[in-house]
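To start, the structure under review is shown below, and the notes come after it.
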Amino acid sequence: MNRMVHVDIQEIVKEENVTHDWRLLMVLEGQIKVAIFQTDYKLVKDNFIILNPNERFSISATVPALILAVTINATHLTTILPDTSKQRFWNLPMSSPNQTSNNLAACRRLLHRMMITSLSEDVDEATVAATGLALMGHLRAHYLWHEESKSIFDHDQLVNTVITKLETEYAEDISLRLVADEMHVSYNYLSKKFKEQTHLNFNRYLNAIRLRHVELDLKYTDKSITQIGIDNGFLQPRTMARNFQDRYGMSPQKFRHTLAANLPAIDSTRQVITLSREEALVRLAGQLAEEDLASIQPVTSQQKRLDVQTAQVLAHKTATYTVNVGDVLNLNNQEWIEVNI
């Protein structure tokens, strides 16, 4: 895929794959079941799910379902946002402790806007890409996955700030002394406060975050174990192996081997139909009309009502009426003409 953002309307019965880019799937019609590794999700209309790069997944539907599939090219995106490649999002945003109805609604609006833009007669790739970047920005602000999400709200602002820093910079060379200097507090004070509230010292907490990401890379990617360690902040393979053994009771090599032995082989059979623009418009006409109409500001010009009894009187007056002269997509462009009567 050469474009940074690619948008498709797909009818799906079954698909199994490993994605190497970010993919967002939103149900437009029907319902689907999505399995990511060994976790199952059921999605109905307007639900959406996020697939992170290198995640193994399968999608199925008892009857053909229509989905919006947005693919964001990982290579292109990390050129623009270099730190993005090490970030994972909650697969199901509704599960995130940071989710709110407003956040979810904002995501859906961006996805709908991408769909409408991609189906226009003159597709503006720059607009699609800009909307894709806005969507990723929203996801990064609200739906980044991290190890200690369940307890973060129990801590005070100082400790929360440290935790947020560890969750986003876990792959970097980071230490308690550097963080204390950056936050203008003493090393001893921060060390004591952090342990009091998290029940772990700084290094053990940081290692827990790193090891969780190591686990996910062992599950979902085919990167070498040495590379996985480097990508997640362990510069020495022995250090990662020792910490992993302590937490999981086995070496990273054995963990990956055991995992592979228990996974069913991916079925290469795919029953996915990508709809053409014309087919998609036919299937989505009602939804697009409703979405477009909702986004248009009410017409401010004076409205008059004509009927047979009053037509003669009104004929002596001049009024300007706003009339739509196009199809559903023209409503979005607000193409109007004025008619004098």
Non-hydrogen atoms of [X] and [Y] that approach each other most closely:
X    : Y    : result
I228 : K223 : CD1-O, 3.7 Å
L158 : Y189 : CD2-CE2, 3.7 Å
P93  : Q99  : O-CB, 3.4 Å
S118 : V123 : O-CG2, 3.3 Å
N91  : I49  : O-CG1, 3.1 Å
A129 : V5   : CA-CG2, 3.9 Å

Do we see a donor-acceptor contact under 3.5 Å between the side chains of [X] and [Y]?
X    : Y    : result
E55  : N52  : yes
N188 : S191 : no
S224 : Q227 : no
H76  : R3   : no
N103 : H142 : yes

With a 4.5 Å heavy-atom cut-off, do [X] and [Y] have their side chains touching?
X    : Y    : result
K193 : V159 : yes
V162 : Y205 : no
D40  : V34  : no
I174 : L166 : yes
V7   : V128 : yes
I209 : N232 : no
E15  : N17  : yes
K165 : M183 : no

Hydrophobic clustering (ILVMFWY, side-chain heavy atoms < 4.5 Å, transitive) - are [Y] and [X] grouped together?
X    : Y    : result
L178 : V185 : no
I9   : V13  : no
I80  : L144 : yes

Keeping the roles fixed (side chain from [X], backbone from [Y]), state whether a donor-acceptor pair exists under 3.5 Å.
X    : Y    : answer
N201 : K195 : no
R108 : D46  : yes
T117 : M114 : no
N47  : V44  : yes
S96  : L92  : no
Q245 : R242 : no
D124 : A126 : yes
T258 : F255 : no
Q197 : D156 : yes

Evaluation steps, side chain to side chain contact (heavy atoms under 4.5 Å, CB included), between E121 and R277: CA-CA 9 Å; E121 291 187 4; R277 174 182 177 276; 3.0 Å; yes

From [X] atom [atom1] to [Y] atom [atom2], the distance as rounded to the nearest 0.5 Å:
X    : Y    : atom1 : atom2 : answer
T78  : N73  : OG1   : CG    : 8.0 Å
L119 : E278 : CG    : CD    : 9.5 Å
R177 : L190 : CZ    : CG    : 11.0 Å
H6   : R23  : NE2   : CZ    : 10.0 Å
F202 : F194 : CZ    : CZ    : 6.5 Å
D173 : L235 : CG    : CG    : 7.0 Å

Counting only heavy atoms not in [X] (residues, nucleotides, ligands), do more than 12 fall under 6.0 Å from its [atom1]?
X    : atom1 : answer
Q31  : CD    : no
Q236 : CD    : no
D246 : CG    : yes
K254 : NZ    : no

For a side chain to side chain contact (heavy atoms under 4.5 Å, CB included) with L28, tell me which candidate from M115, K45, Q10 qualifies.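 Considering M115, K45, Q10, a side chain to side chain contact (heavy atoms under 4.5 Å, CB included) with L28 is found only for M115.
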
Determine the sole option in N102, L24, L139 for which the side chain to side chain contact (heavy atoms under 4.5 Å, CB included) test with C107 is passed.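 Only match with C107 under side chain to side chain contact (heavy atoms under 4.5 Å, CB included): L139.
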
Is there a side chain to side chain contact (heavy atoms under 4.5 Å, CB included) between L218 and I225 once you walk through the steps? CA-CA 8 Å; L218 289 170; I225 290 174; 4.1 Å; yes

Parallel, tilted or perpendicular: ring planes of F244 versus Y248, cut at 30 and 60 degrees: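 Rings of F244 and Y248: parallel, as their planes differ by under 30°.
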
Distance under 6.0 Å and angle within 45° of ring axis: R210 vs Y170: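 No, R210 does not sit over the ring of Y170.
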
Give a yes or no on whether a salt bridge exists between R212 and E215, defined as a side-chain N under 4.0 angstrom from a carboxylate O.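 Yes, charged N to carboxylate O under 4.0 Å.
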
Pair E11, R283 - check side chain to side chain contact (heavy atoms under 4.5 Å, CB included), show working. CA-CA 10 Å; E11 187 172 64; R283 291 285 295 270; 2.9 Å; yes

Walk me through whether W22 and V70 qualify under side chain to side chain contact (heavy atoms under 4.5 Å, CB included). CA-CA 8 Å; W22 278 277; V70 176; over 6 Å; no

